[in-house]
Amino acid sequence: MPAIEIESLGKLYGDVTAISDLSLSIADGELFGLLGPNGAGKTTTMEILTGQIVPESGRVAVLDVDPTTRPTAVRETVGILPEKESPPSFMTPREYFDFVGAVRGMPDETVTERTESWAERLGFRAKLDTLSSDLSRGQQQKVMIAAAFFHEPAVVFIDEPLANLDPIVQERVKRFLLSYQAAGNTIVVTTHDVDVAAELCSRVGIMYGSDLVADVRPSELDAGVSLLDVFLDHVDASVDDDKPLASHE
Amino acid sequence: MSDGRTRRVFVEMLREEWRLHSRLFRGSHFSMFPVLICLLVAGAAKLLAVTGTAPETVFAGLHALVFVFGLHTGSIGFVGRDALRNLIGDVTLLVFSARTLPLSQRKLLGLFVVKDGLYYAVLFLLPFALGTVLAVTGLGNPAFAAKTVSLLWITLTLTFVLGMGTTIAALGLAGRGVPGLALLAVPVVAIATAVVAGLNLPAYTPYGLFLEPTLPRVGATGVCLLGVFVVGAATFDATAPTPARTVEPAFRRWWRRVGDPVAAKSLLDIHRSAGGFGKVLFSAAVLFGVTAALVDFAGQITGVRPSPGISFGAILGLSGFTTYNWLTQSDDVDLYFAHPLAVKAVFAGKFRAFLLLGPLVGLVFYGLALAWRGGPRIEAAVGAVLLVGVACYIFGTTVYLTGLSPNEFLFDTALFAVFGAALVVPLVPILIIGFAISPVSGPLLAALGGFGGVLAIVGVTLYRRSLPKWSKRYQQA
């Protein structure tokens, strides 16, 4: 049984088509990347899969549950890292994890133990009792990553997971994602960073103009062909390489 | 900064203010706002005039209101970024650009104040002046009315600028540690001493200029304004980083006591945001003061001693609106839906927090009112039922109309009108009885108590009935 199934999905925002006739199946245990430029429909797809918005047409299932009719049931099972969200301003990271644990019905001991281990893993132990509004964007992102994985879900949706993180933490997060997948879990990453998709994902769907225009496995690409080449083949990205951005003459 | 650049920054700041308000007020609705303000102010001023309030009192009250408005506007611009972000997303104002662009911080601050003064003078204070003068003095003598409007507009603008300047100076001093706080105490003590000594303080403010537009008073107002802006310019640093605040973990304890994670989070938000629970008490205290004044007014007009229980109970129930506002002000609604929380569960948490805070605060002030004004015990009991009933009704109506964003009322004139009508319908009959009938008979008290219960049921029903609508709305955003 695939972890995620999407059939003929369509979503409009007023007159603007965000997703058009998208069909996709993601197998259990895949680290799947949704790659595309800004406005391609990646975040909208993720929001539909996690029951945060409803589509106009099509059918979706996450672990055999329809998020459009049972959004809370899906969110009980999966983990979500939304792109633009930060932890509540007037809660500390420790309190936010307590909140996540309370909402998910986790025992106090487990919450305390996982709070400590995530703070250690991502290096924010010193900030555990600082109000979130006073954390840097990078620290807030670390807290949101930890919250997404806090209940050790079988399926995780993460939107631009490495944004705002320093290179050391980026490496830690990448390693963690690969180990999490290796343990048999499914991860869906949305990103516009081709390098991140190429390095992390076992399979990549390229979205452009609200459609899925390519579905590739980076490890199976022909020698000399990179994911960037495939991406540029499918995306209208005419770049004049020879023209300098500024001249000092 | 050259003059060309100064002009450009000023124009861009004005454009920024317009776009900020257009975004808040949903575009075209905003253009009607000055007309609405003029009508509301004219209505209130007329009501005060009809009930025998002296014109000087109306004008004094208006200056006081505008001073508070100026204080508030200054604080929103500089310290209310969290609240703005929750309403319209990430906000960075041009006044903060000194950190990234070659612009002088002092000049930016000065331009910000001039821009706000000009912007609010045209869109808010002119309608204030026009509405008040037309209602209080009428158009019998057009030349006199025009002169009064002009003078009032100028002094209101100066009052507004004085309010903004006071905020900037106070924030500047407060940001300078203990010496700054000690300096801040100096004018506070000086003003208190002047009041005790019987000095005519308003003479040194723009209101004094309105009462007596003479050269000495122009000078006094100028010195007053110059004083606050010199202190503000010398001490305020808009780009200074604020120290990170560390707190003892409290969520788990609060959650255990309250029994709902959303309710515990909402109460923590109030506790830790600027003003803490004090702001909830302050809102109720303002309503308490207004009710006391209304009760006195009503007594003078009708010649009957109003029922403290019925009148205070019904009006203090209105504090439920501000309480719900505080409970939702720090929310980022989307974040709730990144967790396994149904819309229904979020509202249930809000309702629980509301019940713990709203009626309780109302009842504290209600107790004070009864201790102060007395009244029969049975009326006191019925007033308490009315307070809880009105508070629940306000909660239900607000949730029904605006969901988790009660600020919508401030930004949508039509919605505000519907809300106003929904309040007037049940409250007016109660207040007529409370203000004009004494003593209230037993059957009437029983009917009022029953009505309080009905209002509570209507409120809870409205809130529950709106849940499918909000579930759908939040999922289709």
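Reminder, nothing fancy here: chain letters follow the sequence lines and each chain counts from 1.
- Between B:H339 and A:F99, the ring planes are perpendicular. Angles over 60° get that label, and only those under 30° would be called parallel.
- For A:Y96, the part sitting under 4.5 Å from any heavy atom of chain B is the side chain, from C-beta outward, and nothing else.
- Using a 4.5 Å cut-off on side-chain heavy atoms (C-beta onward), B:R252 and A:T112 make contact.
- Top candidate by heavy-atom pairs under 4.5 Å with chain B, chosen from A:D129, A:T50, A:T130, A:T77, is A:D129.
- Annotation: side chain of A:E47 is not in contact with side chain of B:D334 (no heavy-atom distance under 4.5 Å).
- Residue contact with chain A, scored on non-hydrogen atoms closer than 4.5 Å, is absent for B:R253.
- Rounding to the nearest 0.5 Å gives a distance of 11.0 Å between NZ of B:K265 and CD of A:E95.
- Heavy-atom neighbours of A:R125 CZ from other residues, nucleotides or ligands within 6.0 Å: above the threshold of 12.
- For A:P67, the part sitting under 4.5 Å from any heavy atom of chain B is the backbone (N, CA, C, O) and nothing else.
- Top candidate by heavy-atom pairs under 4.5 Å with chain B, chosen from A:L128, A:D108, A:L135, A:T92, is A:D108.
- Counting heavy atoms of neighbouring residues, nucleotides and ligands inside a 6.0 Å radius, atom CZ of B:R464 does not exceed 12 of them.
- Of the atoms belonging to B:A250, heavy atoms from both backbone and side chain fall under 4.5 Å from chain A.
- For the atom pair OG1 (A:T72) and NZ (B:K344), the distance works out to 10.0 Å, reported to the nearest 0.5 Å.
- Note: B:Q329 CD to A:S89 OG = 11.0 Å, rounded to the nearest 0.5 Å.
- For a residue to count as touching a neighbouring chain, one of its non-hydrogen atoms must lie under 4.5 Å from one of that chain's; by this rule A:S136 does not touch chain B.
- Looking at A:P82, the atoms closer than 4.5 Å to chain B (heavy atoms on both sides) all sit in the side chain, from C-beta outward.
- Sparse packing is recorded around CZ of B:R465, with 12 or fewer heavy atoms of other residues, nucleotides or ligands lying under 6.0 Å away.
- In this structure, B:A338 and A:R104 approach most closely via the heavy-atom pair O-NH2, 4.3 Å.
- Counting non-hydrogen atoms of neighbouring residues, nucleotides and ligands closer than 6.0 angstrom, the CZ atom of A:F150 exceeds 12 such neighbours.
- Contact annotation: the side chain of A:R94 never approaches that of B:F251 to less than 4.5 Å [non-hydrogen atoms, C-beta and beyond].
- A donor-acceptor pair under 3.5 Å is formed between the side chain of A:R75 and the backbone N or O of B:F337.
- Contact record, B:L335 with A:S86: CD2-O, 3.5 Å, taken as the closest heavy-atom pair.
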